[in-house]
Number of protein chains: 2
Amino acid sequence: MSKGERTRAAILDQALAMTSTDGLTGLTIGTLADRLGMSKSGLFAHFGSKEQLQAAVLERAAELFADTVVRPALAQPRGLPRVLGLFENWIAWTMDPVLPGGCPIQAASIEFDDRPGPIQDLIVKQQEDMRRVVIGATRRAVEEGHLRADLDVEQFAFEGISLCYGFTQSYRLLKNPKSEVWARNAVHGLIDRARVRQ
Amino acid sequence: MSKGERTRAAILDQALAMTSTDGLTGLTIGTLADRLGMSKSGLFAHFGSKEQLQAAVLERAAELFADTVVRPALAQPRGLPRVLGLFENWIAWTMDPVLPGGCPIQAASIEFDDRPGPIQDLIVKQQEDMRRVVIGATRRAVEEGHLRADLDVEQFAFEGISLCYGFTQSYRLLKNPKSEVWARNAVHGLIDRARVRQ
DNA sequence: TTGACAATAGTACGACCGTTCGTATTATTT
DNA sequence: AAATAATACGAACGGTCGTACTATTGTCAA
């Protein structure tokens, strides 16, 4: 790992934290450089433009999400444990103090939902990737016989993902201590209703 | 209605549209004045500070939300129709082209969930007001015997509100044409499960 | 119609934005 | 050790930001 790669990684770590609280637009090259004790221009040279910096931050966030949420869940035995793992890890991710201001991708998706361009395209791609992961795991659970054969997996994914979003709102902004219980109850209820009745 | 009040209202209408797409931070006095064909300073004089402008925009948004979502729902017969009305109107509100960029309050709540201050306080208050409205209507539906007596109304509200948020995501960013059907199905399912079994 | 005051415009400010440039320093390769 | 590439720096650019002042215009009752 060269020196450049190392500082680039350090920059992205700090940028991720900053984006998490201030958003991709609030992420500013000057203050980011200050926090890292380096010059604006030196930092800038690593990315070439603010937009490319934003894209790099999003990609780093997606990596972190994959490491924290997706991969551990997919390491579970296939079928229902994976589906449950996805949601449980997602809830934990939302509470993870590593990102002081909550999931940067979720924040960015609202920030950019009306600003077409490469950043929006990237966010849409990331969100649809995640949707596909949930749908895939759910479909697998149906095939395994854990969930009902007539389950509408897209509807299921919509509801599950919505609950994770709602949890962010309730936990991050309203700071309601019951949020976690509500979210877990809701997710477990969603899964229970999708279970095969015996 | 004096001249000042009229222009102030016109400013807020335009500011609301701008906030809806660009967020409360992206809302900028200069371009707002340009779009209204007036000077920065002339506009500025109406509010005294950007923060007060932001607060006024939020209050205007809440009024609009109350007129579009809450009041028509509360005009329904008490009990289940009101609860259903709230969610149906909320879904319609999210699709309403009056706000070109979706609900400004929802956008603001993610924008400000890590920026303490008077604006965050106002957003929290608005969100909790809305939560109280949902909970109140639901509790009423329980009292009327439309919904199960043992229903956890807070859990119910959490799930319903989460679905409305998830719908925004799916409809506004991903532009998935199935979003509306998913959201309606989910809300109706939520209500059906809360119904008294006969 | 005039006088008082509200409403708007004009101008200027300091701060910060993303970006560019030339240059110095440090790593890496030869 | 020399040559070259990779990194980082400081200063400056044109712009835009929110805000402060002052001047001008418009409104409306007496």
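Here is the naming used below: chain letters follow the sequence lines, and residue numbers restart at 1 for every chain. The structure displayed is predicted, hence computed values, not measured ones.
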Checklist entry - Which part of the nucleic acid does A:Ala45 contact within heavy-atom distance under 4.0 Å: base, sugar-phosphate only, or nothing? => result nothing
Checklist entry - Which part of the nucleic acid, if any, lies within contact of B:Leu53, taking any heavy atom under 4.0 Å across all strands shown: a base, the sugar-phosphate backbone alone, or nothing? => result nothing
Electrostatic pair [X]:[Y] at N-O distance under 4.0 angstrom:
| X | Y | value |
| --- | --- | --- |
| B:Arg184 | B:Glu88 | yes |
| B:Arg60 | B:Asp13 | yes |
| A:Lys125 | A:Asp129 | yes |

Next on the checklist: Ring centres under 6.0 Å, that's the criterion: do B:Trp90 and B:Phe65 meet it?
Outcome noted: yes
Could you tell me how far apart [X] ([atom1]) and [N] ([atom2]) are, to the nearest whole angstrom?
| X | N | atom1 | atom2 | result |
| --- | --- | --- | --- | --- |
| B:Leu36 | C:dA9 | CG | C1' | 15 Å |
| B:Gln52 | D:dG18 | CD | P | 14 Å |
| A:Leu43 | C:dT19 | CG | C1' | 13 Å |
| B:Met38 | D:dT25 | CE | P | 16 Å |
| B:Leu32 | D:dT19 | CG | P | 13 Å |
| B:Gln54 | D:dC17 | CD | P | 14 Å |
| B:Ile11 | C:dA9 | CD1 | C1' | 13 Å |
| A:Ile29 | C:dA15 | CD1 | P | 21 Å |

Next on the checklist: I'd like to know if the side chain of A:Glu111 reaches the main chain of A:Thr25, judged simply by a donor and an acceptor atom lying under 3.5 Å from each other, with no hydrogens or angles considered.
Outcome noted: yes
Item to check | Under 3.5 Å: donor-acceptor pair, side chain of A:His146, backbone of A:Gly79 | outcome: no
Item to check | Most 5' of A:Glu5 and B:Thr31 on DNA chain D, judged by nearest nucleotide | outcome: A:Glu5
Checklist entry - DNA chain D: B:Phe44 or A:Ser2, which has the more 5' nearest nucleotide? => result A:Ser2
Checklist entry - With a 4.5 Å heavy-atom cut-off, do B:Arg139 and B:Leu147 have their side chains touching? => result no
Item to check | Sorted by number, the residues of residues 12-26 of chain A with heavy-atom contact under 4.0 Å to DNA chain C | outcome: none
Item to check | No-H, no-angle donor-acceptor pair, A:Lys40 side chain to C:dG18 base, under 3.5 Å | outcome: yes
Using OP1 and OP2 only, check whether a side-chain N or O of [X] sits under 4.0 Å from [N].
| X | N | value |
| --- | --- | --- |
| B:Ser41 | D:dT19 | no |
| B:Ser39 | C:dA7 | no |
| B:Lys50 | D:dG18 | yes |
| B:His46 | C:dT8 | yes |
| B:Thr28 | D:dC17 | yes |
| A:Lys3 | D:dA8 | yes |
| A:Thr7 | D:dA8 | yes |

Item to check | Check against salt bridge (Lys or Arg N to Asp or Glu O under 4.0 Å), A:Arg8 and A:Glu5 | outcome: CA-CA 5 Å; A:Arg8 196 187 139 102; A:Glu5 284 169 327; over 6 Å; no
